[in-house]
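Here is the structure we will look at, set down as structure tokens.
Residue numbers start from 1 in every chain, and the chains themselves are labelled A, B, ... in the order their sequence lines are given, proteins ahead of strands. Values below: every heavy atom of this structure, side chains too, minus hydrogens, waters and symmetry copies.
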Amino acid sequence: MSAETTRRIEAHLGRRARWRISEIVFWLALLAVIFAFPSRAALINEILVAGLFALSLDLILGLAGIVSLGQAAFLGVGAYAAAILASWDQADPTLGLAAGALAAAVVGFATAPLLLRGADLTRLMVTLGVSLLLGELANRNGWLTGGADGLEFSMGKVLGRFPIGFTGQRNAALYSFAVLFVLFALARRLRQSPFGLALAAIRENRLRAGALGIATSWRIVAIYAVSAAYAGAAGALLAQTTQIVSLDLFDFHRSADVMLMLIIGGAGWLYGGIIGAGVFIVLRDVISAATPEYWEFWIGLLLVVLVMVGRDRLQEYVRRAASRVALRLARDAA
Amino acid sequence: MTAKRWTLAAALCAMLAASPALADENTVTVGLILPMTGPSASTGKQEKAGAELYIHEHGDTVAGKKIALVVKDDTGAADVTKRLAEELVGNEHASVLMGFGLTPLALAAAPVATEAKVPEIVTAAATAMITEKSPYIVRTSFTLPQAAAPMADWALENGIRKVVTVVTDYGPGVDAEKWFGGTFEKGGGMIMQKIRVPLKNPDFAPFLQRMADDKPDAVFVFVPSGFGAIFMKQFVERGLDKSGVRLIGTGDVTDDDLLAAIGDAALGAVTTHHYSADHDSPENKAFVAAFEKANNGMRPNFMAVAAYDGMGLVYKALEKTKGDASGDALLAAMKGLSWTSPRGPVSIDPETRDIVQNIYVRKVEMKDGALFNVEFATIPDVKDPYKASKR
Amino acid sequence: MSGPALEARGLVRQFGALLATGNVSFALEPGARQALIGPNGAGKTTLINLLTGVIRPTEGRVFLQGRDVTAFSASERVRLGLSRTFQINQLFPHLTPIESLGLAISERNRSGADFWRVAGTRPAIVAEIEDLLTRFGLEAEMDQPTHTLPYGKQRLLEIALALATRPRVLLLDEPAAGVPEEERQDILAALAALPSDVAILLIEHDMDLVFTFATRISVLVAGRLLTEGKPEDIAKDERVRAVYLGEDGHG
Amino acid sequence: MLTILFDGVAYGMLLFVLASGLSVTLGLMNFINLAHGAFAMVGGYVTALMMDRLGAPFLLTLPVAFLVPALLGVVLERTLYRRLYGASPLDQVLFTIGLVLMAMPIADFLLGNEAHQVNLPAWLSGSLSVYGVGISRYRLFIVAVCGVIAAALQLFLVRTRFGAQLRAAVDDARVANGLGIDVDRIFAVAFAVGSGLAGLGGALAADVVGGIDPSFPVKFLVTFLIVVTVGGSNGILGALFGALLLGVLDVAGKYYIPSIGAFIVYAVMVVTLIVRPQGLFARGDGR
Amino acid sequence: MAELLRVENLSAGYGEALVIQGIDFALEDGRSLALLGRNGVGKTTLIDTIVGVTTRFSGKIWLGGVDIAPLSPHARAHRGIGWTPQERNIFRSLTVEENLTAVAVPGPWTVRRVYGLFPRLEERRTNGGRQLSGGEQQMLAIGRALMLNPRLLLLDEPTEGLAPIIVDELLAALRELAREGLSMIVVEQKPKKILPFTDHAIVLDRGAIAHDAPSAELLADPAALDAHLTAAKKA
């Protein structure tokens, strides 16, 4: 055995583990944007939260290849868990965040078996059905959730020090940034681990994955629960930074929008959701400022073109563009 | 290529940074947040047209200040409303927030109004408690108790004793059920059954059948504007009108905007509300004519007039403060203001910040080849009974 | 340990009225080099699926190193030492050979559910990946996505993957199918170099391969074992000739 | 009781006519066409506008409400849809959501966002009393028309050579193609029929759902999907039974237990998918 | 006699697997060809490539002087190629009669004539495709191909997995068709079944033509048969 080959294998397996310069630049730039545009803190916050939500979808769609049209279910569960906790005077954001993630993970774990059988189409419909059922459940239990009127509440300070309301918009964005970054780093690690590799195997060829001794069903259940927890955390953040939850969190369009974001940015490389959320929300903001009634048309057009041109090609383009921009930023900064 | 991508990123940042027309000293920005897309889009369209009409008629300058109206689409999602409110205030330096199509949307903006000390003028959402959620909320639309309670009085006076109520199952619906029912029972009437219909409901048949089985004197109905057409049509289709059951309700079900669409099925329905396009006053005739002219023949409804008055409230408050657009000054000026709206005389209750207005009893009739809510009785100066009851 | 590595006792599988496998019994001794042949539609695929646990038998039992695994799932059987290759490549097109092998080895080490450690930080695993790459001559392509590999190399990876699970029993399903002539020798060499302690069942149409590789041949016809024996006996067997040539068999 | 049953059947028939087009595209051709509602919207608008602007009689507008979306369907199928037949469900979902997002603002831009009503002729308004049971004339009409459509579709599929070729193409496109069946053309026609049925459904449903407005394609999207999911994809009858089952359960549920109303439909779907995840949606060609 | 089919330097496979390589042969009108070889040597791939339902990597396929290789499968069918797939692939949701009429092209072969050839099919005309026995399915598959009124009939292992008595019935029908002068290529693993009534035989081995001779010649030389069909090229 040659030491050279050994080294190359180690390097190959760990090649995505080391943070690359372009990645570091990406996160620094994101942080810089929060400070550079204090007046857009609310929009940036929305992007960060949506980015986390899209990341949650990437965990199952991008890593494990499981399609879902019901990711809103977990967004809603997480948001309502955090909101209900806050309305019981447990207003500490960290507690709410944990509760949101946990509640969503439990629901995810409980519903994951529904995904094990059937084809993509069945999965799309089952996940959609579950989100609709949960939405109706929230609607029917108005005593707890506020029903169709929504539930508003006041939020405590992050870590007991930083208010995140209107006067603390930047705090809110920084809070979301911190949560996104930590969860992203975890997801990144997970993707790079043997577990992540096993998910890639299941996505690429479930039959062979099983033939290598991988308990494919359990892995899918596990990643679905993790994905649900991420979506729940996004929901909790959304609830906490807006201090209101309403039934539209469970709506079909939430699940559809997050899928668009992820697809725009490209699934499977974890940055896609965040970039896609940025592009989608900024585009929506700009177009809808110009034509509040007709902005959907342009998003729709973008989507049709995206599918027609081929997602893979566009995804590759976005990936390369993003890393080049980041490198350029690094060079300019140096 | 690299340069091109670099430009792309720069463009994204620029879009992010863009703050339209940096507000100067002499501009007062009014942020109008409405659902412009999705199922409540018709509300947004009416409101936007109403607010724009006011500016068009009264010029864009008042007390030396230029008025800038910024319209934002919140898609009916509360978190977007909240974000837009924050941005309008924080980024575009809006002095007034206005609009809010549904109760949760109005509530979402309330903390922003409170913290930023910016008046929030609610021109649509009609759940009574909304104004209690922030001392900066002022309302120019109406509250459901305000419209529903007088209906009970009228019903009692007109020999109706047994009623089934049908309301949509959300804040305003529950308000309507409670205030019609409460007032009606206090006056000696009997509520035979209270039916709540889910918000997303394409078919009223089973509910209508339930009420038909009870054989009431009348059915009291509240559905959000837009659902009125289905309800009325199915009511007639089921033959309930011919079996002698009267249809009463708040004006939402016979929305002016939809009457033509509902057609003859609406004939004879008696409702109480604060505005009818048929209201007989010179102010209203001018308003309706100007609105239809500006909007391709679209008939204004109570949403349009509320936004029109909301805009008017801003103008009048600014005149009173002599151009001082700070939140507290505007709010103080708004309290107690009174004027003549297309709907009749109105004023802002200084204590509750809700609008005080006449409630009219109307009946749908054919007039000059078109259907109208024709007013035939007036209950003057009605305050929101919900807040009055709490005192 | 004594006794057969893999044993089937009275396997029966029916699909509705169709009898796909009828009372098949056979044993594979440790280190065996056995081939399974038979015309199309003889039920070879069904038999493999029964042995590997993809489908359950209607009757009969499967023993792996003396242990009754009839009720075990396919992935459980793999962990107990029964591995297979596929007739049509079943690989991970966008993973590299290093990643595919690393995955299989981690899984075998019970560290496959490890979601925190970065893959490739355990020297033992890296050493084993390297060993397999060298044995199958895949060093040059080891960091290329699998779908870009030449077909023959993919076939080799197919076998390497199965071997990475450290099987006691290996089922090879037409390992040389579809391989161009020039890459064929690599496959033959790889087969010859398989560890001698692993029991191997080769399912193959290529008689060249069967007769060079196997020391024992089983013939499956219409879901039943027609005969079993040494290659030279099978070659002479009239019934086998009949099956393949379409003559009416005697006896 | 009988009235409730009738209402349920009528509502079910309405669901069927709205979803029948989808049972052709999704059920037979395995294409996840979330833009189905957009075709229905076009049909609804055709009827509403023809009656409103041209004063055309209701019945006369119905064939046009079929033809216009069918034509639109062919154009879109030839230019766009066909490229996605073999694509992943994800791509199909994204593409058709994109179409919906485009269709709604276009409708809003051209026709405004108020609901366009279909005002029924007098002979279809009001209700009849049959043995003391009040039956709405229009619902009776819908039941009749939908019954005819279901029967016609079934006959079309079962009795015509085209129907046989379509079923053959769905069974095994590869072999059908190899045996001289122009699978491309067959699918184009089937897609047109599906789109046309959607349009007809939109036209018939307009009155009952409170008119046609730009949000129509998403308002009932979930409902369409549920009907086809529950009914299964193996042809028109599955969709019909699914629609009737849902219609009756929904109406009865709302009548007897108003407080759980909307649950029933969603629960029926989820339970169906748990019990028969493959059976209802098994992709035709397994090869 | 005119040349009906000519295959030139044909290579094809599935996905990336190259299954047949550089195949050349020709067939005259009215003649029949036996395509022999063990499992997995590329017989079905060759047939599928002529039909057009697999991936052709290179080569030409002339039918009656026209290169049909660029044509779609259904266009090839209408130019005179009739096909019975290896798995028969009866359309499951069609009845027996529908299976015949759905693909019919006007010509001498009608439903009536097919029923004449296979009376069993007429008995089962309203049965669904999935209710048929293996033999009936094969008869239907042949009848279905005949309904196209083909100039060339491609039969992929028509006797595989069938009971001997059914095999005889089918072979009798095929012999009759060959006698009437219908051109056909029959894929078979059991040469003695078909060599007696085909004009020419090709033996495939590992994707290439290993032997190309008149059927009678091959039949008369058991050694050659053995060599190619069982322990070929034993090292």
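Across A/A200 and C/L95, no two heavy atoms sit closer than the pair CB-CD2, 3.9 Å. Heavy atoms only, all atoms of each residue included: C/F92 and A/L212 are closest at CE1-CD1, 3.8 Å. C/S75 and A/A215 get closest at one heavy-atom pair: OG-CA, 4.1 Å.
With hydrogens and angles ignored, the 3.5 Å screen pairs no side-chain donor or acceptor of A/R208 with any backbone N or O of C/N89. Listed for the C/R79 side chain is a donor-acceptor partner under 3.5 Å among the backbone atoms of A/G213. Judged purely by atom type and a 3.5 angstrom limit, A/E204 uses its side chain to pair as donor or acceptor with the backbone of C/H94.
To the nearest 0.5 angstrom, C/M142 atom CE is 5.0 Å from A/I9 atom CD1.
Among C/T52, C/L91, C/L133, the residue making the largest number of heavy-atom pairs under 4.5 Å with chain A is C/L91. With respect to chain C, the highest number of heavy-atom pairs below 4.5 Å among A/L199, A/V226, A/I214 belongs to A/I214.
The one candidate from A/H12, A/E10, A/R7 that meets the side-chain contact (heavy atoms from CB on, under 4.5 Å) condition with C/V126 is A/E10.
The parts of C/A162 that come within reach of chain A are both its backbone and its side chain, each placing non-hydrogen atoms under 4.5 angstrom from that chain. Neither the backbone nor the side chain of C/L80 comes within less than 4.5 Å of any heavy atom of chain A. With a threshold of 4.5 angstrom between heavy atoms, C/E158 approaches chain A through its backbone and through its side chain.
Residue A/W218 qualifies as open at atom CH2: its count of foreign heavy atoms under 6.0 Å is 12 or below. Few gaps surround CZ on C/F63; more than 12 heavy atoms of other groups in view lie less than 6.0 Å from it. Within 6.0 Å of atom CD1 in A/I21, 12 or fewer heavy atoms from other residues, nucleotides or ligands are found, so the atom counts as exposed in its surroundings.
Looking at A/L13 and C/I125, their side chains never come closer than 4.5 Å, going by heavy atoms from C-beta outward. Looking at heavy atoms from C-beta onward, A/T5 lies out of side-chain contact with C/T134 at the 4.5 angstrom threshold.
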